[in-house]
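Take a look at the structure below.
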Amino acid sequence: MTARKPYRAQRRLYLFRPPAYGRAMFDIKAIRENPKAFDDAWARRGVEPQTARILERDQLIRKAKGMVQEAEAARNAASKQIGLAMREGRKDDAEKLKAEVAGAKNVIAALGTQLEGEQRELHDMLSGLPNLPADDVPHGAGEEDNVELAKWGEPRSFDFTPKAHDDLGEALGQMDFETAAKMSGSRFVVLRGQLARLDRALAAMMLDMQTGEGFEETAPPLLVWPKAMEGTGQLPKFAEDSYSTAEHFLIPTAEVSLTNTVRESILPVDALPKRMTAHTPCFRSEAGSAGRDTKGMIRQHQFNKVELVSICAPEQSDDEHKNMLRCAEAVLQRLELPYRVMELCTGDLGFGARKTYDLEVWLPSQDTYREISSISNCGDFQARRMAARYKAGEKDNRFVHTLNGSGLAVGRTLVAVLENYQREDGRIDVPKALVPYMGGAEIIG
RNA sequence: GGUCAGGUGGCUGAGUGGUUGAAAGCGCUGGAUUCGAAAUCCAGUAUAGGGGCAACUCUAUCGCGGGUUCGAAUCCCGCCCUGACUGCCA
């Protein structure tokens, strides 16, 4: 039995979405004025030149639109005449005009179908294109070209061979993959006792810290419509990475829900920056990662995460980005977990991001740093997709900038605590900051 | 989930097939008046897109999508949302 195959539902969902907001996905005027800038920027992240075919389509659309509008204007004018003629009892004049309108209607219908097709094509073209990297993002092909910006803390030296978190958890009898597999398959886990509590304690501490930084605690929907997923950039390209029901997608991150809170709205400037945080489960099918991190809790279909989202004005977003990085770092520092800050190169940037910092925590069993948070500035990329704007002045509505970051991934933080705080006998010291959240317990096991 | 009633501009609210992108009021902006202000008066006040150097002009939008019609805010269908009643249920 192959368990997971909800693709059909997903495709159906996606095709049924209304075609709203497609045209604004990228600044088409800016592309017309300076196509090279766009192609160059895309090239930096390995995307073929796109503007030629975009502009070609744009030309066709504008031409067709002009003709449609002309025909519509003619129809409207004639219709008004008909109304007048009818009122004045000039029946035959009205009939003559009706014939005229019928002609215009044929033109409108024919051109309209063509126009619709072209607009859809442009929409599909644009919606599948990633964000442009910021100018200062280091160039690179992939993960190996990311740049280390900072290192914090000293990896602990063990006088015994440190165990992997799943060995520790299973030995404690509080991390049970086998039982989870009986009901849900691989990449699920049952946590029990102190480890279940540790998961909650970590989330609670993170939430307390982030709300203390001015992020408003939010409890959003976990199931969202396709258009919300398109808004943040999960669709159309990554449908197979997500789970769906008959009409909803399960959020792969609270970024989707939190960012979409401002969709289709025009915010007053003084509401910015709007900072939100949420502790939610996240659901990912991990379609493309067969065989990677199959052991342990590093890569699960379901995990908890405390997410940070900020909606702000364009001129605020760089500062906002650094602030969110600081807020995420603060959690690792408070837990005294060694980590490093990476700046992603153009080749490793996510679909919607124009600049991203990753936080990687030290995992002794793997003798390496592993991603625990990813903090991205999406610029106006998502805002354009969901029509999220702010009032910059009278008659001056502009797209907001959106940022998101983990503050932090709870599951991976639990992994890091287990591995970094393990004792030779397999028990785990509770990080000092976490003791109050663990009901005073200073040790697990 | 079912039945019924609704969804109109920043807000209130008129409009049930024909110059209605939409009355009126409130709010807001500018101007007149005033020493200044209040009051009053006049004018302006949605969004997106096409064309134009510009003045300007055209198109679309009355929850969303589709249909009927020469013409739809107004009629029909589907969906979304709100309220009332009702069913089931954590």
Side-chain angles (χ1 to χ4, degrees), chain A residues 12-33 54-55 57-120 122-123 126 219 221-231 245-249 260-271 281 380 383-400:
Chain A
R12 201 198 72 205
L13 281 175
Y14 189 59
L15 289 176
F16 273 47
R17 78 171 148 49
Y21 314 115
R23 261 64 77 217
M25 273 182 171
F26 287 94
D27 188 345
I28 192 79
K29 283 183 189 161
I31 296 179
R32 280 178 210 145
E33 278 162 26
I54 290 172
L55 290 177
R57 194 103 275 133
D58 179 51
Q59 274 298 330
L60 288 171
I61 287 173
R62 283 202 288 169
K63 196 171 153 217
K65 188 177 268 179
M67 288 161 78
V68 169
Q69 291 187 352
E70 239 172 75
E72 283 173 338
R75 178 203 60 194
N76 289 348
S79 287
K80 277 182 185 169
Q81 291 301 314
I82 292 173
L84 231 101
M86 297 286 258
R87 212 170 316 143
E88 293 169 3
R90 292 182 281 115
K91 277 260 168 62
D92 39 336
D93 279 3
E95 288 309 316
K96 243 179 269 170
L97 285 162
K98 278 191 192 182
E100 205 174 295
V101 172
K105 275 184 69 172
N106 283 335
V107 176
I108 293 169
L111 286 172
T113 308
Q114 188 195 332
L115 178 62
E116 219 172 278
E118 275 157 7
Q119 283 179 325
R120 165 165 232 113
L122 180 62
H123 171 269
L126 294 178
L222 308 180
L223 270 55
V224 299
W225 277 333
K227 67 175 184 180
M229 292 282 278
E230 183 178 82
T245 70
E247 53 270 313
H248 290 115
F249 280 87
N260 272 284
T261 58
V262 299
R263 83 177 348 260
E264 290 159 58
S265 56
I266 301 173
L267 302 163
V269 235
D270 57 14
D380 65 6
R384 288 180 167 278
R385 292 176 155 245
M386 59 177 89
R389 290 162 296 168
Y390 74 103
K391 222 165 194 47
E394 277 298 311
K395 294 228 173 204
D396 189 9
N397 299 332
R398 299 189 198 170
F399 290 110
V400 296

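In the text below, chain A, chain B and the rest are named by the order of the sequence lines, each starting its count at 1.
- Of the listed nucleotides (B:U47, B:C70, B:U19), B:U19 has the atom at the smallest distance from the side chain of A:K80.
- What separates CD of A:E70 from P of B:G51 is a distance of 12 Å, to the nearest Å.
- Atom CZ in A:R75 sits 11.0 Å away from atom CD1 in A:I82 (nearest 0.5 Å).
- Between A:G83 and A:W225, the residue anchored closer to the 5' end of RNA chain B is A:G83, taking for each the nucleotide with the nearest heavy atom.
- Within the structure, every side-chain polar atom (N or O) of A:R389 is placed at least 4.0 Å from both OP1 and OP2 of B:U47.
- Taking atom NZ of residue A:K391 and atom C1' of nucleotide B:U45, one finds them 11 Å apart after rounding to whole Å.
- Look at B:G78: its Watson-Crick or wobble partner, with both distances under 3.5 angstrom, is B:C64.
- Among B:U59, B:U47, B:C70, the nucleotide with an atom closest to any side-chain atom of A:N76 is B:U59.
- Under the Watson-Crick or G-U wobble criterion, with both distances below 3.5 Å, B:A54 has no partner in any strand shown.
- Listed pair A:N397 / B:A46 fails the phosphate criterion, with no side-chain N or O lying under 4.0 Å from OP1 or OP2.
- Put simply, CD on A:Q119 and CG on A:L60 are 11.5 Å apart, with the number rounded to the nearest 0.5 Å.
- Between A:E95 and A:K98, at least one side-chain nitrogen of the basic residue sits less than 4.0 Å from a carboxylate oxygen of the acidic one, meeting the salt-bridge criterion.
- Rounded to whole angstrom, the span from the CE atom of A:M67 across to the C1' atom of B:G51 amounts to 15 Å.
- A gap of 29 Å separates the C1' atoms of B:U19 and B:C28, to the nearest Å.
- Going from the P atom of B:A73 to that of B:G7 covers 15 Å, rounded to whole Å.
- For A:Q69 against B:G51, a side-chain-to-base donor-acceptor contact under 3.5 Å is absent.
- A distance-only check finds a donor-acceptor pair linking the side chain of A:N260 to the backbone of A:A228 [under 3.5 Å].
- Comparing the same atom, P, in B:U16 and in B:C75 gives a spacing of 9 Å after rounding to whole Å.
- When both distances must be under 3.5 Å, the Watson-Crick or G-U wobble mate of B:U45 is B:G27.
- A:R398 comes within 4.0 angstrom of no nucleic acid atom, judged by non-hydrogen atoms across all strands.
- Residues A:E264 and A:K227 are paired through a salt bridge, judged by an N-O separation under 4.0 Å between the basic side chain and the carboxylate.
- Side-chain proximity of A:S79 to B:U47, B:C70, B:G50: nearest is B:C70.
- Atom CG of A:L111 is separated from atom NZ of A:K65 by 13.0 Å, given to the nearest 0.5 angstrom.
- Using a 4.0 Å heavy-atom cutoff across all strands shown, A:K96 reaches no nucleic acid atom at all.
- Each of A:K98 and A:D58 has a nearest nucleotide on RNA chain B; the 5'-most of these lies closest to A:D58.
- With both ends at atom P, the span from B:G9 to B:A23 equals 12 Å, rounded to whole Å.
- The pairing partner recorded for B:G36 is none, the criterion being a Watson-Crick or G-U wobble arrangement whose two distances lie under 3.5 angstrom.
- Among the nucleotides B:G50, B:C70, B:U59, the one closest to the side chain of A:K65 is B:G50.
- When rounded to the nearest whole Å, the span between CD1 of A:I266 and C1' of B:A46 equals 9 Å.
- Counting any heavy atom pair closer than 4.0 Å across all strands shown, A:I82 reaches a base atom.
- A:T113 contributes atom OG1, which lies 11.5 Å from atom CD1 of A:I108 (distance to the nearest 0.5 angstrom).
- Taking atom CD1 on A:I108 and atom P on B:C70, their separation rounds to 13 Å, with Å as the unit.
- Across all strands shown, B:G18 forms a Watson-Crick or G-U wobble pair with B:C70, both key distances being under 3.5 Å.
- For A:E116 and B:G65, the CD to P distance is 11 Å, given to the nearest whole Å.
- For B:A22 and B:G44, the P atoms lie 12 Å apart once the distance is rounded to whole Å.
- Salt-bridge formation is detected for the pair A:D27/A:R384: a Lys NZ or Arg NE/NH1/NH2 atom is positioned less than 4.0 Å from an Asp or Glu carboxylate oxygen.
- Across all strands shown, A:A78 has no heavy atoms under 4.0 Å from either base or sugar-phosphate atoms.
- Taking atom CG of residue A:L84 and atom P of nucleotide B:U19, one finds them 10 Å apart after rounding to whole Å.
- Checking the phosphate oxygens (OP1, OP2) of B:U59, no side-chain nitrogen or oxygen of A:R62 falls inside 4.0 Å.
- Rounded to whole Å, the P atom of B:G21 lies 31 Å from the corresponding atom of B:C80.
- Atom-to-atom, CD of A:E72 to P of B:A60 comes out at 5 Å; the value is rounded to the nearest Å.
- Partner assigned to B:C89 is none, using Watson-Crick or G-U wobble distances below 3.5 angstrom.
- A distance of about 15 Å separates the P atoms of B:U12 and B:G27, rounded to the whole Å.
- Contact check, A:R75 against B:A60: a side-chain N or O comes under 4.0 Å of OP1 or OP2.
- Comparing the C1' positions of B:A24 and B:U34 gives a spacing of 30 Å, expressed to the nearest Å.
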